Structure formats: structure tokens, C-alpha cells
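The shown structure was predicted, so the numbers you read here are calculated from the model rather than taken from an experiment. Whatever order the structure lists ligands and atoms in, that order sets their numbers, starting from 1.
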Amino acid sequence: MSAPKKLFIKTYGCQMNVYDSERMAEALGSGGYVETKSPDDADMILLNTCHIREKAAEKVYSELGRFKGLKAAKPDLKIGVAGCVAQAEGQEIMRRQPLVDLVVGPQSYHRLPEMEAKAREGQKVLDTDFPDEDKFEKLKSRPIAKRGPTAFLTVQEGCDKFCAFCVVPYTRGAEVSRPVDRVLGEARDLVERGVREITLLGQNVNAYHGAGSDGSDCTLAQLIWELDKVDGLERIRFTTSHPNDMQDDLIEAHGRCSKLMPYLHLPVQAGSDKILKRMNRAHTSESYLRLIERIRAARPDILISGDFIVGFPEETEADFQATLDLVEEVKYGTAYSFKYSTRPGTPAAERPQVDPVEADDRLQRLQALLTKQQREIQDSMVGREVGVLFEKAGRFPGQMVGKSDYLHAVHVADCDRAIGDLARVRILSSGTNSLAAALID
Ligand code: 5AD
Ligand code: SF4
């Protein structure tokens with residue numbers, strides 16, 4: 001038997017890309033590939049790319065340039081580009097970087113084995129279709145392999161919201177939800193393989209409306225209640241959500257479903273109604289704040305996370321101040337903030353841009369406030385009792401590391417629990433990026 005071929009995948013961007021990379025590794029695994037952690041001994045290198053901001057997209061080209069030497073030393077090495085840059089700039093990648101053999105969009109990776117075979121024959125292969133067939137179904141016969149205690153599971157893809165800055169509706173296409181039975185089947189399979197916590201993924205996950213077993217549409221909350229019945233599954237999370245799709249039944253599930261963790265990523269992007277309107281967000285800062293109130297009424301301890309863009313076209317200092325005011329009011333447990341990045345083909349790309357030095361300054365001021373809030377909320381955990389799911393051994397003998405219900409990293413000394421165990425712990429202290437805790441018997 002010949003030695004297995006080696007696959008090196010590098011993943012950029014969001015959690016959905018992490019999930020997609022796993023599935024691509026599995027698809028190529030059935031073609032005889034095993035994963036390697038180094039590009040140096042790989043027979044195939046795949047970059048799973050992100051197109052959301054200009055910097056992320058440019059990284060791909062600089063990374064590809066670095067493989068020149070490897071390819072020269074090993075002409076059999078195949079190099080592929082997957083993900084959202086592949087979708088958006090497929091032809092351009094082939095033109096700009098001749099060492100690329102294969103380009104595969106996010107909707108086509110179930111076809112990777114055939115594409116790889118063609119590349120081995122010396123062809124250049126490009127597939128950025130939005131095919132009719134269900135890629136998840138095609139990828140169904142996966143090997144039963146043990147897994148860590150947490151997993152991502154894509155339930156919804158694409159976005160119909162068309163925020164004026166965002167490429168997602170173009171790269172990932174229209175909203176599509178997977179049927180409930182398929183999600184449940186995959187969840188049960190993951191649990192059998194050792195998974196205790198599942199994060200349901202979708203670009204607009206709370207707009208989920210997959211077909212139920214009787215054919216009728218099922219909401220994300222209904223899907224969560226179905227998953228709640230899966231024995232051995234202990235924790236459910238979901239990301240990313242749009243405020244306008246935060247329906248009553250989902251808010252209620254946060255109050256009543258004990259497996260649904262008290263953490264919600266709910267991007268608002270900006271605090272000025274003028275900017276929100278120009279962003280085509282279709283909500284106001286006031287409606288967002290009232291929504292947060294309702295969510296907190298259902299689940300008072302919920303940790304809120306957000307995304308922000310500063311320096312969106314025509315944002316004034318007063319508009320930016322409205323973002324700071326909104327942040328002050330919400331109090332975010334964690335947040336991601338970005339300087340606006342012009343994305344060709346999106347409506348905002350044509351509008352008057354904010355001075356980049358000013359935008360940098362705003363980003364720094366926003367991040368200082370968000371970091372302060374994050375720290376305060378993390379520090380407020382000290383003395384509290386929380387659940388922890390252990391994910392790995394710590395740096396010190398006897399230490400275990402896991403995530404709290406609120407997604408804080410927690411380490412426990414003298415811990416007799418195993419990876420995959422859930423425990424109640426008392427938080428003892430708060431460090432820069434993690435909490436120290438002791439088991440409660
Ligand atoms: N510029 C800056 N940030 C962006 N995001 C999306 N598009 C852009 C852009 N053009 C941010 C938003 C989104 C997150 C995933 O990335 O905050 O919620
Ligand atoms: Fe992009 Fe999210 Fe807006 Fe959809 S809802 S367009 S994915 S920012």
C-alpha cells in the first residue's frame with residue numbers, strides 16, 4: 001500500500017471556515033489524504049480564505065507567494081484556494097498566481113476529490129458554482145473518528161440582508177437552511193464521537209427556517225428544542241445573529257432551555273441611526289437597546305457580544321459618539337471592532353470615505369472602551385459559581401482548561417476531571433485572558 005498523501009489546510013476568517021476546513025479534510029480523507037500540521041511535507045496545500053475585509057483577502061496572495069520555493073522543490077505539490085476569496089476572485093487568483101492548481105468556492109467543496117484528481121493530471125481546476133445538490137449530503141459518509149468535546153455545525157448559510165458594507169450576500173449567496181433531520185443526524189453523530197457542546201453556525205443563523213420532519217418550516221428556537229432532547233449533548237450555542245431576526249421564541253428559549261448557554265453574539269455595527277440607515281441595517285439603536293432589554297429580562301445573566309465598524313462612509317464624530325453611548329448602555333462581555341474596509345461591488349464602496357487617520361483614532365477609542373467593559377465583566381465573575389466544560393490539559397501538572405457557560409477561558413488546578421467532563425466551579429481570580437477556578441464537589 002502506498003503511503004497516504006498529506007494535506008495541509010490553513011484557515012482564515014470566521015468559524016464557518018473552521019467548519020468548512022474540517023469537512024474539506026474529511027472529503028479529501030476519503031481520497032487517501034491525512035492532515036499534516038506543516039506545509040513543508042504536504043502533497044496538497046489548501047488555503048481556506050476570508051474576503052470580509054481587504055486585509056484578509058490580500059493575505060492570501062502574500063501567503064501563496066511564500067509557497068513558491070516549496071512548489072519548485074516539489075513539482076507534484078498541488079496548491080488550492082478555497083473559501084470566500086476563491087468565490088469572489090477565482091479567475092483573478094489563477095491569473096495573479098500561476099502556482100495555484102485549484103480554486104474551489106464554499107458551495108462546491110464536496111467536489112474536491114474529483115477536482116484534486118484533475119489537478120493531479122496537470123489540469124487547472126476552478127469551481128465556484130452555486131450547485132443545486134446539497135453539499136452536506138454528499139459529504140455524509142464520513143469516517144467515525146473521535147473528536148474533542150466542542151464542535152461547530154453549520155445549519156444555515158448565506159445572507160439576504162445586504163448590509164451596505166458586506167460581501168457575504170455575494171460570496172455565500174442567498175440564505176439556505178438545512179433540514180432539521182439532517183442537523184439532528186449530524187448532531188447525534190458528533191455526540192457519539194465525544195462532542196458535548198455544539199455551536200450552530202450560520203451567517204444569519206437566527207433567520208434559520210429549515211424544513212421540519214413534517215415539511216413545515218422550523219425556527220432556530222424549535223431546532224434548539226429538538227437538540228435539547230439529544231442525550232449526551234450538554235451545551236448549545238449559536239452564532240451569528242441579526243437583531244431583526246431575534247424572534248420571541250428564541251428569546252424565550254434563552255430563558256427556559258438549560259442547554260442553551262447564556263451567551264449571545266448580536267452585532268449592532270454602529271450606534272448612530274443615520275449610519276445604521278446608510279448601512280441598511282433596518283433597525284435603530286433604540287430598537288436594538290429595547291431588544292437587549294427583552295433578552296436580559298428572559299435571561300438576566302446573559303453575556304452579550306457584538307461587532308462594530310468605525311469609519312463607515314460619512315460617519316462624523318457625533319455619529320461615532322453615538323456608538324460609544326450605545327456601548328456604554330449595553331455593556332458588552334466581549335466584542336469585535338473593525339475599521340471600515342471598502343469592498344468593491346458593495347453599495348458603500350462608492351460613498352465618501354472617512355479620513356483613515358480619524359478612523360484609526362476612533363477604532364482605538366472604541367477598543368479601549370470595549371476592553372474595559374470586557375475586563376469588568378470578566379472580573380465580576382470572581383466568587384461566582386459557573387459550569388465549565390474541560391477541553392484540554394493546562395500548562396501545569398494537574399491543571400485542566402475549559403470554557404465557562406459564558407465562554408470565558410477557565411483553568412482549574414489540582415483537577416481530577418477528564419477532557420469532555422462538565423463541572424461546577426467557583427471562580428477564584430481573574431487574569432488577563434482567563435479565570436482561575438476551583439471545583440465544587
Ligand atoms: N469592513 C469592516 N468590517 C466589516 N465587517 C463586515 N464587512 C466589513 C467591512 N467591509 C464586519 C462586521 C461583521 C463582521 C463579521 O465583520 O462587523 O459583523
Ligand atoms: Fe453581512 Fe451580517 Fe449584514 Fe448579512 S447581516 S450582510 S452577513 S453583516
Lys/Arg N to Asp/Glu carboxylate O, Arg196 vs Asp421, below 4.0 Å: no
Check Glu315 with Arg362, please: is the shortest side-chain N to carboxylate O separation under 4.0 Å? yes
Within the structure, does Arg53 bring an N/O atom to less than 3.5 angstrom of an N/O atom in ligand 1? yes
Looking only at side-chain N and O atoms, does Ser430 offer a donor or acceptor that is under 3.5 Å from a partner on Asp379? yes
How far is atom 2 (C) of ligand 1 from the closest protein heavy atom, and which atom is that? Lys339 O, 3.4 Å
Identify, by atom number and element, the atoms of ligand 2 in contact range of His242, meaning under 4.0 Å from any of its heavy atoms. 5 (S)
Among non-hydrogen protein atoms, atom 6 (C) of ligand 1 lies closest to Ile52 CG1, 3.3 Å
Of the side chain and backbone of Phe338, name the one, both, or neither that has a heavy atom under 4.0 Å from an atom of ligand 1. side chain
Taking atom 1 (Fe) of ligand 2 as the centre, how many protein N/O/S atoms fall inside a distance shorter than 2.8 Å? 1
So among Thr154, Ile224, Thr239, which one has a side chain to side chain contact (heavy atoms under 4.5 Å, CB included) with Leu200? Ile224
So does Lys55 pair up with Glu58, basic N to acidic O under 4.0 Å? no
Answer yes or no: is there a donor N or O on one side and an acceptor on the other, between the side chain of Asp301 and the main chain of Pro262, under 3.5 Å? no
Atom CD of Glu350 with >12 non-hydrogen neighbours under 6.0 angstrom: no
Atoms of ligand 1 close to Gln269 [distance to a heavy atom under 4.0 angstrom, numbered from 1]: 12 (C), 13 (C), 17 (O), 18 (O)
Looking only at side chains, do Thr199 and Gln15 share a donor and an acceptor under 3.5 Å apart? no
Test your reading of the structure: does Ser341 have an N or O sitting under 3.5 Å from an N or O of ligand 1? yes
Please list the nearest protein heavy atom to atom 18 (O) of ligand 1 with its residue and the distance rounded to 0.1 Å. Asp307 OD2, 2.6 Å
Has ligand 1 got any nitrogen or oxygen that is less than 3.5 angstrom from a nitrogen or oxygen of Phe165? yes
Backbone N or O of Gln373 within a donor-acceptor pair of the Lys331 side chain at under 3.5 Å? no
For Glu54, is the CD atom crowded, meaning more than 12 foreign heavy atoms sit under 6.0 Å from it? no
